[in-house]
2 protein chains.
Amino acid sequence: MKRKVTLKQIAKELDVSVSTVSKALRNSKEISLDTRSKVQAFAKLYNYRPNNIALSLKNKRTKTIGVIIPEIVHHFFSKVISGIEKEANNRGYNVIIGLSNESFDKEVINIEMLANGSIDGFILSVAKETLLLQDYHHFYETINQGMPIVMFDRVVNEIACDKVVVDDKLGSKKAVAKLIDSGCENIALITTKDYVNVGKLRTQGYLEALEEHKITPKSSLIIKVEENKDKEIEIETLEKEISALLDKEKSIDGIFAVNELYAITAMKIAINKGYKIPENMSIVAFTDGVLSKHAIPSLSTISQHAVEMGEKSATMLIDKLEELVDEEKYQTEVINTTLIERDTTR
Amino acid sequence: MKRKVTLKQIAKELDVSVSTVSKALRNSKEISLDTRSKVQAFAKLYNYRPNNIALSLKNKRTKTIGVIIPEIVHHFFSKVISGIEKEANNRGYNVIIGLSNESFDKEVINIEMLANGSIDGFILSVAKETLLLQDYHHFYETINQGMPIVMFDRVVNEIACDKVVVDDKLGSKKAVAKLIDSGCENIALITTKDYVNVGKLRTQGYLEALEEHKITPKSSLIIKVEENKDKEIEIETLEKEISALLDKEKSIDGIFAVNELYAITAMKIAINKGYKIPENMSIVAFTDGVLSKHAIPSLSTISQHAVEMGEKSATMLIDKLEELVDEEKYQTEVINTTLIERDTTR
DNA sequence: TTGTAAGCGTTATCAC
DNA sequence: GTGATAACGCTTACAA
């Protein structure tokens, strides 16, 4: 086993000084061509690679980005990460991942763990619990220490930092408009409670779309799901609510759900109840993922372009780190949504 | 903006030496109680946190694990990561992610990037291209430098390192046995080409299960999918093959597919052709994921316990890093598979 | 009880 | 053209 070789060892072996080796390897013309080639040959032979940690300490930058997300077993977030990773790697950065599991404490711990020199900046999406508690001290502290943050998707408006978001309201409007255009007149909404920002915005989009088309929203057509750590329970509860809704409101001919899973759940129940999709029931979901694509029938969705969100977040962060952009100026990038028409709409 | 405070600054401020501060913070009783509390109070006030990079350099360990996987937008891999992350965090380690995108070059680059001091050890699943090229020099070099590797799922048998695998053959046998037990007599197999190890093993399991039940395998019932970087094309091609197969072999009453997507694809076509599932067509997939769970009807699968694989991998790596286990002794952990019976089997 | 100095691996500055 | 030295932030053996 040959341990990693260091400058010191090369210097000793070749009987020159460490600084000579260092310069020779960077091909400095301070050093004679003779020495240079000798050193370089030796380094190559022993497969010398500079130690990143030493470089980080010296340069006060690690060339790595910290990413904190609520969960990773989630199509949207893993897509965002793949976007971040792609852009980061292109620009010579590594990516270190922390999971908050939607917990405030884990988010704080993860941030503290990474903020002590391990990374140059954060890209993150805020945990639900944090949003609920509205305790943002860890973000403020990080920013105060001069470490830049880019928030994506679940952002905190009042914090001064770069942000990458989707136009949730507009996305919803597109979805609902599609349903209306294809002839739906009684469109149900399946959304989350309002404290999750995106749920709130998507609900607004639904309402506005109806109003713009002179349709009076009826609260009896809206289900607001209480989220549960145990998804099974959440979905079971939702199933009952949907079933009751469809039994009571026979006129429903369209459903807009704020995420794939709610939409799939609704579709399953509708199919069981004998609805023909999309003939007498159309469905659109926010958030495009594998589930929608491979469902039978495949679901029409609003795509959030997650990969693009990741890329954009990384670009913004790295630009700031490399001072290509004014340190004090914060931007909010809005990523477009697109309607993907598949088999649940006419 | 208050930049991060260092030992040096505290020392200067309090007019003591750096080492006194260092010791005081670690509550060494070498230092007078008076000084200790003074230093600790000051450190607390200024929210002092030791710089991880400096510690890493000093200790020659970073307390971070490098994970290299083929893709992250993939239920199995993201589950494994969540397992790794959980165990790593419990033991005070961070996780840094590299994606190979199934490419040999990207795998090599990622490993080289991280192997230069950034991490203490690797957990990885080998890229398909690497498997195909059978060029493993980057693994050998890493191990030679004294950096431990744990391979999971897609492993290279000939490399001496710890491994965590699933018993693919046995898992397949369970799946096929289930089909046979529930009355299927003509079971089709949808698998990958043999160079992907898991595809090969799963095929073997299928064959053995048939033989053990005195059923003669028929090659006409087997589809070997040519994988394609463009999944769309891969699936389109597969759709045609399945359709042709079902048209030709009317007696098929069961399908075993080596992954979810192949199974879903088969199911879609079978449904279109008027088969009733599971009444006259049963389906089981290897690999449990969201797709299976939420498909309509929901798919019976063989679960690989991905989270457990991740946890186990992390445990093995960290045990080795912390020398709780013999450095020279390599183990292969086999994770059990379980049959999850849902609505596509009787 | 406190401080000095060396060392982790690297690079930049300056002296020879 | 080469090398000694200091510095990045921290710990620790040893000296005072």
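Labels below follow one simple rule: chain letters A, B, ... track the order of the sequence lines, proteins then strands, and each chain is numbered from 1. Atom set for the values below is all heavy atoms of this structure, side chains included, hydrogens, waters and symmetry mates excluded.
For C:dG3, its base sits under 3.5 Å from the side chain of B:Lys23 at one donor and acceptor pair at least. A donor-acceptor contact under 3.5 Å links the side chain of A:Ser19 to the base of D:dA4.
Remark: B:Thr20 is not in phosphate contact with C:dT2, judged by side-chain N or O atoms under 4.0 Å from OP1 or OP2. The side chain of B:Arg26 places no N or O atom within less than 4.0 Å of a non-bridging phosphate oxygen (OP1 or OP2) of D:dC10. Phosphate contact (OP1/OP2 of C:dT11, side-chain N/O of A:Ser22, threshold under 4.0 Å): present. The side chain of B:Tyr48 places no N or O atom within less than 4.0 Å of a non-bridging phosphate oxygen (OP1 or OP2) of D:dG9.
Considering only the side chain of B:Lys58, D:dT11 comes nearest among D:dT11, D:dG3, C:dG9. For A:Ser32, the listed nucleotide lying nearest its side chain is D:dT2; candidates were D:dG9, D:dT2, D:dC14. Minimum atom distance to the side chain of A:Leu55 is reached by C:dT10, of the listed D:dT11, C:dT1, C:dT10.
For A:Leu25 and C:dT10, the CG to P distance is 9 Å, given to the nearest whole Å. Put simply, CD1 on B:Ile31 is 6 Å from C1' on C:dT2, counting in whole angstrom units. Going from atom CG of A:Asp34 over to atom P of D:dG1 covers 11 Å, rounded to whole Å. If you measure from atom CG of B:Leu57 to atom C1' of C:dT10, you get 9 Å, rounded to the nearest angstrom. The separation between A:Asn51 atom CG and C:dT10 atom C1' is 8 Å, rounded to whole Å. Rounded to a whole Å, the CG atom of A:Leu14 is 15 Å from the C1' atom of D:dG3. The distance from atom NZ of A:Lys12 to atom P of D:dT2 is 21 Å, rounded to the nearest whole Å. Between the P atom of D:dC10 and the NZ atom of B:Lys60 lies a distance of 19 Å, rounded to the nearest Å.
Under a 4.0 Å N-O distance rule, the pair B:Asp120/B:Lys320 does not qualify as a salt bridge. Between A:Asp162 and A:Lys329, no side-chain nitrogen of the basic residue sits less than 4.0 Å from a carboxylate oxygen of the acidic one, so the salt-bridge criterion is not met.
Of the two residues contacting DNA chain D, namely A:Lys29 and B:Leu7, the nearest-nucleotide position lying further toward the 5' end is that of A:Lys29. Between B:Val16 and A:Val5, the residue whose closest nucleotide on DNA chain C is further toward the 5' end is B:Val16.
If you check every strand for non-hydrogen atoms under 4.0 Å, B:Ser56 touches nothing. In this structure, B:Val18 reaches the bases: a heavy-atom distance under 4.0 Å links it to at least one base atom across the strands shown.
For the pair A:Glu333 (side chain) and A:Val165 (backbone), a donor-acceptor distance under 3.5 Å is absent.
Taken from CG in A:Leu55 to CG in B:Asn116, the straight-line distance is 9.5 Å, to the nearest 0.5 Å. Annotation: the span from A:Glu107 atom CD to A:Ser125 atom OG amounts to 9.0 Å, rounded to 0.5 Å.
You'll find the ring centres of A:Tyr46 and A:Phe42 inside the 6.0 Å limit.
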